[in-house]
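First the proteins, then the strands, lettered A, B, ... as listed; each starts at 1. As the structure is a prediction and not an experimental result, all values here were calculated from the model.
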Amino acid sequence: MAEDTYSHKMVTANRRRCRTKFTEDQLKILINTFNQKPYPGYATKQKLALEINTEESRIQIWFQNRRARHGFQKRPEAETLESSQSQGQDQPGVEFQSREARRCRTTYSATQLHTLIEAFMKNPYPGIDSREELAKEIGVPESRVQTEDTQNGTNFTSDSHFSGARTW
DNA sequence: AGGCTAACCTATTCAAATA
DNA sequence: TATTTGAATAGGTTAGCCT
């Protein structure tokens, strides 16, 4: 990291997480679960993670990609027979299954927030290495660091954020 | 009751592995 | 090189905690 002083604009120096390579067996389980519930709750994702021996965040990403690409609207013929009268609304099947519980909301301590904010000011786009280090430092899973930084932006500028604090 | 914001979502793009 | 697909980003929605 000798040459990587705080660059002013782009921080491309940050490595992405390595691509996960799912095995055939893992994919079989994932796809099977997806066909049953394309929006798994936290408990389901945790169970899946344990079952196929991967991280819950990888499963979250996999479901996101799957939903975006393999349009889950085309129901598997397994269990859509009963609700065949869903009159083809534009709504992507909101009703066929109520949402499962999400992960418990984590509350960050002032110290944790301070650490996150400081790291964010130094680098708003941390790579996998920085995120893992940060996560270890404040004692939360890496996936929490990622979403926190890149999505919710933590408007540290005590000033009133202009509309949309995430427009960097 | 309302504000703040973590968790979750879609849409889109980047990019690594593979055919 | 084109395709496939995991990872990342931007921005919107849902819902839990606190005042």
Side-chain angles (χ1 to χ4, degrees), chain A residues 7 9-35 37-49 52-74 89-117 119-121 123-135 138-168:
Chain A
S7 53
K9 37 182 61 181
M10 212 41 247
V11 198
T12 43
N14 289 301
R15 224 184 66 232
R16 284 184 167 213
R17 152 187 262 114
C18 290
R19 272 179 80 97
T20 301
K21 175 78 177 187
F22 292 111
T23 67
E24 229 173 278
D25 288 342
Q26 287 175 318
L27 281 175
K28 214 162 67 179
I29 292 172
L30 284 170
I31 291 169
N32 191 38
T33 309
F34 181 88
N35 288 338
K37 36 172 102 169
Y39 292 92
Y42 181 58
T44 302
K45 283 184 281 189
Q46 281 282 69
K47 210 175 65 179
L48 261 179
I52 70 176
N53 192 32
T54 187
E55 297 165 35
E56 181 259 333
S57 56
R58 299 308 91 213
I59 289 172
Q60 169 101 346
I61 296 293
W62 186 88
F63 271 82
Q64 282 176 192
N65 283 324
R66 183 87 184 175
R67 284 196 298 263
R69 285 160 182 158
H70 299 250
F72 61 94
Q73 58 221 41
K74 54 170 183 208
Q89 283 289 46
D90 339 325
Q91 286 295 58
V94 193
E95 50 153 357
F96 73 97
Q97 198 149 223
S98 58
R99 210 167 278 189
E100 289 184 67
R102 18 171 98 185
R103 166 197 288 266
C104 286
R105 191 186 166 106
T106 58
T107 45
Y108 294 102
S109 69
T111 324
Q112 287 173 320
L113 278 178
H114 179 76
T115 307
L116 284 169
I117 290 165
F120 179 82
M121 286 192 287
N123 178 6
Y125 298 94
I128 181 63
D129 301 313
S130 321
R131 293 200 307 266
E132 268 174 351
E133 196 173 331
L134 200 52
I138 67 175
V140 303
E142 178 274 326
S143 59
R144 299 307 90 197
V145 174
Q146 175 165 23
T147 62
E148 190 58 25
D149 280 358
T150 62
Q151 296 191 17
N152 293 329
T154 58
N155 41 354
F156 46 89
T157 50
S158 56
D159 217 340
S160 62
H161 54 67
F162 41 91
S163 61
R166 277 172 284 171
T167 314
W168 313 107

Nucleotide of [options] approaching [X] most closely (side-chain heavy atoms):
{"X": "A/R131", "options": "B/dT12, C/dA10, C/dA8", "value": "C/dA8"}
{"X": "A/Y39", "options": "C/dA7, C/dA10, B/dT10", "value": "B/dT10"}
{"X": "A/L27", "options": "C/dG6, C/dA15, C/dA7", "value": "C/dG6"}
{"X": "A/Q146", "options": "B/dA7, C/dA8, B/dT18", "value": "C/dA8"}
{"X": "A/Y125", "options": "B/dT18, C/dG6, C/dA10", "value": "C/dA10"}

Could you state the [atom1]-[atom2] distance from [X] to [N], rounded to the nearest angstrom?
{"X": "A/R15", "N": "B/dA15", "atom1": "CZ", "atom2": "C1'", "value": "14 Å"}
{"X": "A/R105", "N": "B/dC8", "atom1": "CZ", "atom2": "C1'", "value": "12 Å"}
{"X": "A/R103", "N": "B/dC8", "atom1": "CZ", "atom2": "P", "value": "6 Å"}
{"X": "A/R66", "N": "C/dG6", "atom1": "CZ", "atom2": "P", "value": "9 Å"}
{"X": "A/H70", "N": "B/dA11", "atom1": "NE2", "atom2": "C1'", "value": "16 Å"}
{"X": "A/R67", "N": "C/dT13", "atom1": "CZ", "atom2": "P", "value": "17 Å"}
{"X": "A/I61", "N": "B/dT10", "atom1": "CD1", "atom2": "C1'", "value": "13 Å"}
{"X": "A/I128", "N": "C/dG6", "atom1": "CD1", "atom2": "P", "value": "16 Å"}

Pair of N/O donor and acceptor under 3.5 Å linking [N] base with [X] side chain:
{"X": "A/R16", "N": "B/dC14", "result": "yes"}
{"X": "A/R69", "N": "B/dT13", "result": "yes"}
{"X": "A/R102", "N": "C/dT14", "result": "yes"}

- Message: With side chain to side chain contact (heavy atoms under 4.5 Å, CB included) as the test, pick out the partner of A/R66 among A/Q64, A/R69, A/H70.
- Response: A/H70

- Of the options A/T33, A/L30, A/L27, which is the one that meets A/I52 in a side chain to side chain contact (heavy atoms under 4.5 Å, CB included)? A/L30

- Give the ring-plane orientation class for A/F34 versus A/F63, where under 30° counts as parallel, over 60° as perpendicular and anything between as tilted. tilted

- Query: OP1 or OP2 of B/dA16 sitting under 4.0 Å from any side-chain N/O of A/K21?
  - Reply: no

- Verify the contact: side-chain N or O of A/T107 to OP1 or OP2 of C/dG16, cut-off strictly under 4.0 Å; return yes or no. no

- Note on the structure: Rounded to the nearest 0.5 Å, the CD1 atom of A/I29 sits from the OG1 atom of A/T23 at a distance of 8.0 Å

- Message: Less than 3.5 Å apart, any donor N or O on the side chain of A/T44 or A/E100 sitting next to an acceptor on the other?
- Response: yes

- A/N65 or A/K45: which one's nearest nucleotide on DNA chain B is closer to the 5' end? A/K45

- Check every strand shown and say whether A/R17 touches a base, only sugar-phosphate, or nothing at a heavy-atom separation below 4.0 Å. sugar-phosphate

- A/R19 near the nucleic acid: base, sugar-phosphate alone, or nothing, with a heavy-atom cut-off under 4.0 Å? base

- Query: Would a 4.5 Å heavy-atom cut-off, applied to side chains only, mark A/V140 and A/Y108 as touching?
  - Reply: yes

